[in-house]
Number of protein chains: 2
Amino acid sequence: MRDFTFHTPTKIFFGKGKEANVGEIIKGYGFKKIMLQYGMGSIKKSGLYTTVMTSLKENGIDIVEMGGVEPNPKYDFINRAIKLANEENVELILAVGGGSVIDSAKFTAIGASSSLDVFDVAMGKVSTDKALPVATVLTISAAGSEMSASAVLTNTELGIKKGTGGDYIRPLFSILNPELTYSVSRYQTACGISDIMAHTMERYFYPVDDTPLTDRIAEGLLKSVVEAGRIVMTEPHNYDARATIMWASSLSHNNLTGCGRENALAVHQLEHALSGMFDHIAHGAGLAVLFPAWCRYVCGKNIKRFAQFARGVFDVKEENDEIAAILGIEALENFFKEIGMPQRLREFGIENKAEELAELCTMKRTRTIKSYVEIDADVAKDIFNCCY
Amino acid sequence: MRDFTFHTPTKIFFGKGKEANVGEIIKGYGFKKIMLQYGMGSIKKSGLYTTVMTSLKENGIDIVEMGGVEPNPKYDFINRAIKLANEENVELILAVGGGSVIDSAKFTAIGASSSLDVFDVAMGKVSTDKALPVATVLTISAAGSEMSASAVLTNTELGIKKGTGGDYIRPLFSILNPELTYSVSRYQTACGISDIMAHTMERYFYPVDDTPLTDRIAEGLLKSVVEAGRIVMTEPHNYDARATIMWASSLSHNNLTGCGRENALAVHQLEHALSGMFDHIAHGAGLAVLFPAWCRYVCGKNIKRFAQFARGVFDVKEENDEIAAILGIEALENFFKEIGMPQRLREFGIENKAEELAELCTMKRTRTIKSYVEIDADVAKDIFNCCY
């Protein structure tokens, strides 16, 4: 087991109707003026906006609104939010939405705490450990940003999607009500499931051994998500299944499944290039195509690990490790297919841009990505080609 | 899944040699004067005391020493520590030791933040949410106090061992170096394993269903502890096995395995009466005797759950649930036996005090304890008799 630091101070309020307490919770922390960020208006249709606003107002919280966060939050939008947050001296950024809204809130919180350019922060050109507090009311189980130390933004002009990380951007608190995800479409639910599984598998398949406790937590999480995922495909209002997926979302990316391991988020790096270049590709859908392809590409380097995955997650009974490993990857691919995820990049209606994507994710061949097989531009190109 | 609040802000520094950073970490938080609590001197023999003191002094931290915490920390000692902490205006209590030292530090932290009597707090007569910050350097994997919201003290005069709980007493940070547990005796290691398993099983066997994710995390934790427990019995210096047990210690009682469930710590309530009355009984050893007896007493109320436990933790292959449930409890009992735990209360060299113990744990028949079978004084007496 590798040395690790584990710090997840985000307070989780989990359960039915908890969003109605948001104002009281914020007041309890002593904040008086906040910025409310949300997406393209679905929270207005669902009534969540009214619930949140009512709770905030009843508790005397001043609200600066900044709706309109797009999927894959944009650098431009974030800069406008930072400007407004500074002008209005807000004390906390409240994100009501999914991963994009939360990531937008996190970058706003970073930008409003210093004069740094948040794209420079994302590109790793400058570093910081200061951010306003962020809180969330989660509406989509997927990114895990509600409890994670990371955030991603997209610079549309440059076609670059990049992330940053650090405990300083973990939310102060997050409200998780599984009922709020009842209305998430079948497709978006499946994208979320792919993302949750990918967060877990990225850590599970990092080249470190001897972490049986962390492994079993990861396998249990994956197995539970597969089971619940099958249920919500036909029963979108199944509370317990939605709850399992929602809690798994948070645990999959708060680094519990990475304790004693490490985490290069290898397949995420490939996918960020993809959805950075093609804005219409949902992150989870991209991951669902790329992950099995990556597994096939690298599994020869640690057959035992992939066999363990097959048995621990998909109950593969095969005793031969090599066969079990392949069966496990097939089971993963079949599960993604079953929940309606694409199998090939061509299904997104795009040209094969393997070469350009490979350049992008290796930052013009200036870096490689750690995985069982070190990913340089040539390897990345192979993987993108394999799944085109 | 039941609603829950989950808040584990304790920062974990896990790995080899991390205790040498304790002064730097404390300095990083800005504390200048601390109280150092430790036990009966084993940290002086092992050299840990010197390491910690050197690190504190090098970082300019003023130290008020309060060594001599006994197993099952005593009300008297804690009161002396509170007095000293107040006189010296210490800002943080650093516990270097196991659960008893940490619990002593927690009660000292409570007492030094108000004029409340900490025994009244433990008895639930008064409540508070204020405590000085506590930090820990853990030397025994067992109580989980290094990341938990609870603490227990013993009033020797009244023969009462009682606990209190709340997020406000979760440690600020804990340093977990598995190497520090190499020197823990075989017996104490086994007691710790029993305690860790009991913390997990108490939650796992609380009468709530529909928490598959939490269940699988619990099963994975138990299975990993059983596996690692067998290893350390013959290889006390096996780093990975010690690391698994140490990390399981923290996760077993930080409430991760209770999310969406509840937790009456039923068997703990029985055991606290036992080791409150008989100071020579190690908490973990008491639990190892009581837990299988409690399981047998209540398992008829939820055979399916005990069958799931048998299959998930001990790989019982039996398809009939009733038989599997019994085989699981037997496997648990056999495991405790295998690691050198007693099977019967008489092995502690005590008289059968079932009647008195039953009165004690139900506070003279004024309360019952929630479990599959509600535990009143008569039930408690039955269980104590069963395992005498």
Side-chain angles (χ1 to χ4, degrees), chain A residues 1-18 25 147 167 170 172-178 209-225 227-228 231 238-248 250-252 254-257 259-260 312, chain B residues 1-18 25 147 167 170 172-178 209-225 227-228 231 238-248 250-252 254-257 259-260 312:
Chain A
M1 197 188 285
R2 300 274 179 99
D3 294 356
F4 64 90
T5 302
F6 184 69
H7 190 213
T8 54
T10 306
K11 187 165 186 173
I12 300 292
F13 298 92
F14 195 105
K16 293 176 184 172
K18 297 286 179 198
I25 296 167
M147 209 175 181
D167 285 336
R170 289 194 196 267
L172 179 66
F173 71 84
S174 285
I175 295 177
L176 276 60
N177 174 3
D209 281 325
D210 297 318
T211 59
L213 173 52
T214 296
D215 291 353
R216 288 196 178 102
I217 291 173
E219 289 161 11
L221 189 150
L222 289 166
K223 202 167 177 170
S224 302
V225 169
E227 188 179 82
I231 294 170
N238 185 304
Y239 182 83
D240 284 319
R242 287 287 192 183
T244 294
I245 296 170
M246 195 167 220
W247 187 219
S250 303
L251 296 184
S252 72
N254 76 350
N255 212 31
L256 175 69
T257 62
C259 290
Chain B
M1 197 189 284
R2 300 273 179 100
D3 294 355
F4 64 90
T5 302
F6 184 69
H7 192 212
T8 54
T10 306
K11 188 166 186 173
I12 300 292
F13 298 91
F14 195 104
K16 293 178 184 172
K18 297 286 178 197
I25 296 168
M147 209 176 181
D167 285 335
R170 290 194 195 267
L172 180 66
F173 71 84
S174 284
I175 295 176
L176 277 58
N177 175 4
D209 281 325
D210 297 318
T211 60
L213 173 53
T214 295
D215 291 352
R216 288 197 178 101
I217 291 173
E219 290 161 12
L221 189 150
L222 289 166
K223 201 167 179 171
S224 302
V225 169
E227 187 181 82
I231 294 171
N238 185 306
Y239 182 82
D240 285 318
R242 288 286 191 185
T244 293
I245 295 169
M246 194 167 222
W247 188 218
S250 302
L251 295 184
S252 73
N254 76 351
N255 212 30
L256 175 70
T257 62
C259 290

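Below, chains carry the letters A, B, ... as their sequence lines are ordered, and counting in each starts from 1.
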By side-chain contact (heavy atoms from CB on, under 4.5 Å), A/A228 pairs with (sequence neighbours left out) A/A241, A/T244, A/I245
Is the B/F6 ring parallel, tilted or perpendicular to the A/W247 ring (thresholds 30°, 60°)? perpendicular
Nearest heavy-atom approach of B/L221 to A/L213 is CA-CD1, 3.6 Å
Of the non-hydrogen atoms in B/R216 and A/G220, which two are nearest, and what is the gap between them? CD-O, 3.6 Å
Any residue meeting side-chain hydrogen bond (donor to acceptor under 3.5 Å, both in side chains) with A/T211, in chain and number order, not counting sequence neighbours: A/D215, A/R261
Portion of B/E219 that has a non-hydrogen atom of chain A nearer than 4.5 angstrom: neither
Contacting moiety of B/L176, where chain A heavy atoms sit under 4.5 Å: neither
Heavy-atom pair count under 4.5 Å with chain B, highest-scoring of A/R2, A/R170, A/E227: A/E227
Residue B/K18 versus chain A: region with a heavy atom under 4.5 Å: side chain
Any chance you could measure B/D210, atom CG, to A/D240, atom CG, to the nearest 0.5 Å? 4.0 Å
Between A/I12 and B/T5, is any pair of side-chain heavy atoms under 4.5 Å apart? no
Go through the atoms of B/M246 and report whether side chain, backbone, both or neither lie under 4.5 Å from a heavy atom of chain A. neither
Of all heavy-atom pairs linking A/Y239 and B/M1, the shortest is CE2-O, 3.7 Å
